[in-house]
*Asks:* 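If you scroll down you'll find the structure; I have some questions about it.
All heavy atoms count here, side chains included; hydrogens, waters and symmetry mates do not. The chains referred to below are lettered A, B, ... by the order of the sequence lines, with proteins before strands, and numbering in each begins at 1.
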Amino acid sequence: MSALRPGEPGELPAPDKAVYQVGEVAERVRLSHRTVRYYDDQGLLSAARSAGNYRLYSESDIERMLTIRRMKPLGFSLDEMRHVLGVLDRVDRESARAPELELELRRAIDDVRERRDELAEKVAGADDFLAALRARLP
DNA sequence: ATTCTAACA
DNA sequence: TGTTAGCA
């Protein structure tokens, strides 16, 4: 839509070229543009910049944003997200063969599972509450 | 038209 | 997180 999007007309899909502006990314990952910029400023992503200083995101940046979006409802702080993303980066590059890396990955898995269980507890509590409210219906 | 930074009735 | 202002 933007006439200013760099390289829009006819540039072949280089696998991981940064071509998406913040608005398009926000739409695709369903976060506000404000939130995308905020995560960017906090160093959770490494967006490129256009000549006009516009943020430019690649396909892998979008995947990263989606990972962040998954951690968000689990209550990860930005620091915790940064850490997990770092672990995933290393795993994706050198695999989890190194023992300390494997340990980090296992810790992340345990962390997410614990948060998942806490959410499940809340859902169970909500179900109980719903039942109590419905019991008051005439 | 879209994004940028900075700041807060 | 939203929103606004003043630019580029």
Side-chain angles (χ1 to χ4, degrees):
Chain A
M1 274 156 205
S2 165
L4 295 178
R5 182 163 50 227
E8 165 64 285
E11 222 164 77
L12 280 149
D16 208 59
K17 201 166 201 297
V19 291
Y20 305 108
Q21 293 185 190
V22 65
E24 184 167 0
V25 172
E27 186 175 345
R28 282 187 53 178
V29 305
R30 275 176 290 238
L31 290 171
S32 71
H33 52 69
R34 174 77 167 78
T35 299
V36 173
R37 278 205 218 105
Y38 179 61
Y39 290 158
D40 194 353
D41 292 339
Q42 295 308 303
L44 270 48
L45 291 83
S46 47
R49 291 289 184 140
S50 73
N53 201 35
Y54 284 18
R55 291 173 178 80
L56 294 178
Y57 300 93
S58 65
E59 209 64 54
S60 68
D61 287 325
I62 289 179
E63 288 178 29
R64 203 177 181 77
M65 285 295 313
L66 290 173
T67 299
I68 293 168
R69 193 164 71 77
R70 280 179 156 172
M71 290 191 276
K72 192 160 91 110
L74 293 176
F76 279 85
S77 69
L78 295 184
D79 275 356
E80 291 166 338
M81 290 184 189
R82 222 191 318 275
H83 178 258
V84 173
L85 288 169
V87 171
L88 292 179
D89 286 342
R90 279 175 281 154
V91 169
D92 287 345
R93 282 192 283 96
E94 42 198 283
S95 89
R97 223 168 294 155
E100 1 73 54
L101 232 186
E102 179 183 338
L103 182 60
E104 291 281 354
L105 184 54
R106 289 187 184 283
R107 282 178 175 153
I109 291 169
D110 287 345
D111 188 8
V112 170
R113 195 181 42 68
E114 192 163 314
R115 291 172 193 261
R116 193 220 79 92
D117 290 346
E118 286 166 6
L119 281 184
E121 281 287 307
K122 291 184 184 180
V123 171
D127 286 343
D128 288 349
F129 188 34
L130 275 177
L133 293 179
R134 286 172 175 146
R136 265 73 167 183
L137 282 176

*Asks:* Phosphate oxygens OP1/OP2 of C:dT1: is one of them under 4.0 Å from a side-chain N or O of A:Ser32?
*Replies:* no
*Asks:* Watson-Crick or G-U wobble partner for B:dT2, using a 3.5 Å limit on both distances?
*Replies:* C:dA8
*Asks:* Closest nucleotide of DNA chain C for A:Arg37 versus for A:Leu31: which of these residues is on the 5' side?
*Replies:* A:Leu31
*Asks:* If the cut-off is 4.0 Å, is A:Arg55 near the phosphate of B:dC4, judged by side-chain N/O to OP1 or OP2?
*Replies:* yes
*Asks:* Determine, using the 4.5 Å side-chain heavy-atom cutoff (strictly less than), whether A:Phe129 and A:Val123 are members of one ILVMFWY cluster.
*Replies:* no
*Asks:* Rounded to whole Å, please give me the gap between OH in A:Tyr38 and C1' in C:dT3.
*Replies:* 17 Å
*Asks:* Please confirm whether any donor atom in the side chain of A:Tyr54 sits under 3.5 Å from an acceptor in the base of B:dT2, or the reverse.
*Replies:* yes
*Asks:* Is any side-chain nitrogen or oxygen of A:Gln21 closer than 4.0 Å to OP1 or OP2 of B:dT2?
*Replies:* no
*Asks:* Please check this pair: side chain of A:Arg136 against backbone of A:Ala132, looking for a donor-acceptor N/O pair closer than 3.5 Å.
*Replies:* yes
*Asks:* Are A:Asp111 and A:Arg115 within salt-bridge range, i.e. N to O under 4.0 Å?
*Replies:* yes
*Asks:* Tell me: NE2 of A:His33 to C1' of B:dA6, nearest whole Å?
*Replies:* 15 Å
*Asks:* What is the nucleic acid contact for A:Gly52, judged by heavy atoms within less than 4.0 Å: base, sugar-phosphate only, or nothing?
*Replies:* nothing
*Asks:* Consider only side-chain N and O atoms of A:Asp61 and A:Tyr20, and report whether a donor and an acceptor are under 3.5 Å apart.
*Replies:* no
*Asks:* State whether A:Arg34 places a side-chain N or O below 4.0 Å from either non-bridging phosphate oxygen (OP1 or OP2) of C:dT3.
*Replies:* no
*Asks:* Are any side-chain N or O atoms of A:Asp16 and backbone N or O atoms of A:Ser60, one a donor and one an acceptor, separated by less than 3.5 Å?
*Replies:* yes
*Asks:* Tell me which nucleotide, if any, is Watson-Crick or G-U wobble paired with B:dA9 when both distances must be under 3.5 Å.
*Replies:* none
*Asks:* Can you tell me how far C1' of B:dT3 sits from OH of A:Tyr57, to the nearest Å?
*Replies:* 10 Å
*Asks:* Tell me the interatomic distance from A:Asp41, atom CG, to B:dC4, atom P, rounded to whole angstroms.
*Replies:* 9 Å
*Asks:* Verify the contact: side-chain N or O of A:Ser50 to OP1 or OP2 of B:dT3, cut-off strictly under 4.0 Å; return yes or no.
*Replies:* no
*Asks:* Quickly work out the A:Ile68 CD1 to C:dT1 C1' distance and round it to whole Å.
*Replies:* 16 Å
*Asks:* Tell me: CD of A:Gln42 to P of C:dT1, nearest whole Å?
*Replies:* 11 Å
